[in-house]
Amino acid sequence: MGDCKKMEEIVNTDTLIHYARQYISEEDIESVSEVLRSDFLTQGPAVLAFEQKLAEVAGSNFAMAVSNATAALHISCLALGVTKGDLVWTSAITFVASANCALYCGADVDFVDISRESYNICADALEAKLIESKRNNRLPKVLIAVHMCGQSPDMKRIKLLSIEYGFGIIEDASHSIGAFYNGAPVGSCVYSDITVFSFHPVKIITTGEGGCVLTNSDKLANKIIRLRSHGITSDKDIFSDQPASEIWNYQQVDLGFNYRITDIQAALGLSQLKKLNAFVGKRREIAAHYDANLSRLPVQLPKEMAGTVSSYHLYPILIDDIDCHNQRAVFGMLREKGVAPNLHYIPVYLQPFYANRGFKRGYCPNAEWYFERTVSIPLHYSLTREQQDYVIMCLDDIFV
Ligand SMILES: *Cc1c(COP(=O)(O)O)cnc(C)c1O
């Protein structure tokens, strides 16, 4: 159909059109430079300002910025009391960090299958698994509900199940700062104990490396603040009976970590947050243009579920007939045309590390169905309409 050769002149052939890319403005660079010229490179005012703004944007009582979302997930599990002998559940389709955090705490991890519509955890599958696990006396301590591609899972139903079965909820919203669920911003923790964001460069806003923990509970917030910084506190109410020495003003009361973010990163984050609406708006515009132009192809497009406004971190297309259009071949053809797609994700339990722990192929059929068909096509703030139309034309060539 389309003439890709002609379009190749538009696309700089040296640079692939990537599925994701950060956008850094001169203003971002200026705010980082300001910190570099200031007194505090870490533990300074930029971190506090970033956290204040994050809590405001997310609509949560507390926001604690940390070194990355993996660290955020780790100390969130610890704050909810996850320990040896406990079980943490997460979605079969997610980045490995959503599962690894449970193992860091000495707990075990198990996976819940996804919905073929939203690609998020399937609430029916979750309920069925809970019923069975209750019978076996092996209920999870915490569920990590992943916001796949920028869209919230069915948190209302997950929350009801958590009340019935008594587990904590962490929302892994690494993909979805700037998204909404039932009219409230993602991060407001209406249906969860804790929400986590990631600021890796492929995500919606970036700090290079970075993440944050959001909660409405002051108890959890205080615990997170301690775990982020060596388990140390200067809050005299938390000090042990032992009188604090006159010459030092802190005590280590937990085994914590150095999971702090720097002021350099926080300044970038603060500046990026100013563009959050523009970032998400542009992503939604790009998604709408794909929606309108790819619907004629034999692929399943992302669906926005009732009550959700997605931030469109990813735009996966699912190949309808994989015998006719082999997934690997589609990747190869796009690559040849200068488009760099990606795959999000291989079911975590099929990773060699998890397979070695006893997980078998066939464990979550919908996750495997999804994995065999999915291709994440380019979607990011600096993707031009010309580049996007080129991607559409390439897909036309491949599928029609
Ligand atoms: C990116 C990502 C993470 C990890 O984020 P980092 O900030 O790189 O540690 C965790 N979970 C999901 C779903 C992600 O996409």
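Just so you know, these numbers come straight off a predicted model, no measurement behind them. These numbers come from the heavy atoms of this one structure, side chains and all, not from hydrogens, waters or symmetry mates. Both counts, for ligands and for their atoms, begin at 1 and track the order of listing.
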| task | Verify ring pair (Phe, Tyr, Trp, His ring centres under 6.0 Å) between H380 and F279, making sure each step is shown before the conclusion. | result | CA-CA 8 Å; H380 53 84; F279 283 170; over 10 Å; no
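Inclusion of T94 in the set of residues having an N or O under 3.5 Å from an N or O of ligand 1 is not warranted. Any N or O atom pair closer than 3.5 Å counts here, and L73 shares no such pair with ligand 1. For ligand 1, one of its N or O atoms has an N or O atom of S198 under 3.5 Å away. For D172, a nitrogen or oxygen atom sits less than 3.5 Å from a nitrogen or oxygen atom of ligand 1, counting backbone and side chain alike.
Q272 and D28 share a side-chain donor-acceptor pair at under 3.5 Å. For S229 and R260, the side-chain atoms include at least one donor-acceptor pair closer than 3.5 Å. For the residue pair N100/Y354, the side-chain donor-acceptor check at 3.5 Å is satisfied.
Regarding atom 15 (O) of ligand 1, its nearest protein heavy-atom neighbour is H175 NE2, 2.7 Å. Of the protein's non-hydrogen atoms, the one nearest atom 10 (C) of ligand 1 is S174 OG, 3.4 Å.
The closest side-chain heavy-atom distance from I204 to Y381 is not below 4.5 Å.
For K84 and D108, the salt-bridge test fails: no basic side-chain N is under 4.0 Å from an acidic carboxylate O.
With distances taken over non-hydrogen atoms, the option nearest atom 4 (C) of ligand 1 out of T70, N100, I93 is T70. Of the candidates M148, H74, H200, H313, the one placing a heavy atom closest to atom 8 (O) of ligand 1 is H200.
Ring-plane geometry between F95 and Y345 is classed as tilted, the angle between the planes lying from 30 to 60 degrees on a 0 to 90 degree scale. The aromatic rings of Y349 and Y363 sit perpendicular to each other, their planes meeting at more than 60°, with 30° as the lower class boundary.
Close approach to K203 involves these atoms of ligand 1, each under 4.0 Å from a residue heavy atom: 1 (C), 2 (C), 3 (C), 5 (O), 14 (C), 15 (O). Listed by number with element, the atoms of ligand 1 under 4.0 angstrom from any heavy atom of A69 are 4 (C), 5 (O), 6 (P), 7 (O), 9 (O). Of all atoms in ligand 1, listed by their number and element, those nearer than 4.0 Å to a heavy atom of G210 are 7 (O). Distances below 4.0 Å separate heavy atoms of Y345 from the following atoms of ligand 1: 15 (O).
The shortest separation from a heavy atom of A71 to ligand 1 is not under 4.0 Å, leaving the residue out of contact. Ligand 1 is approached by S98 to a heavy-atom distance shorter than 4.0 Å. Not a single heavy atom of H147 sits under 4.0 Å from any atom of ligand 1.
For Y165 and F167, the distance between ring centers is not under 6.0 angstrom.
The two residues C105 and L78 make their nearest non-hydrogen contact at SG-CD2, 3.6 Å.
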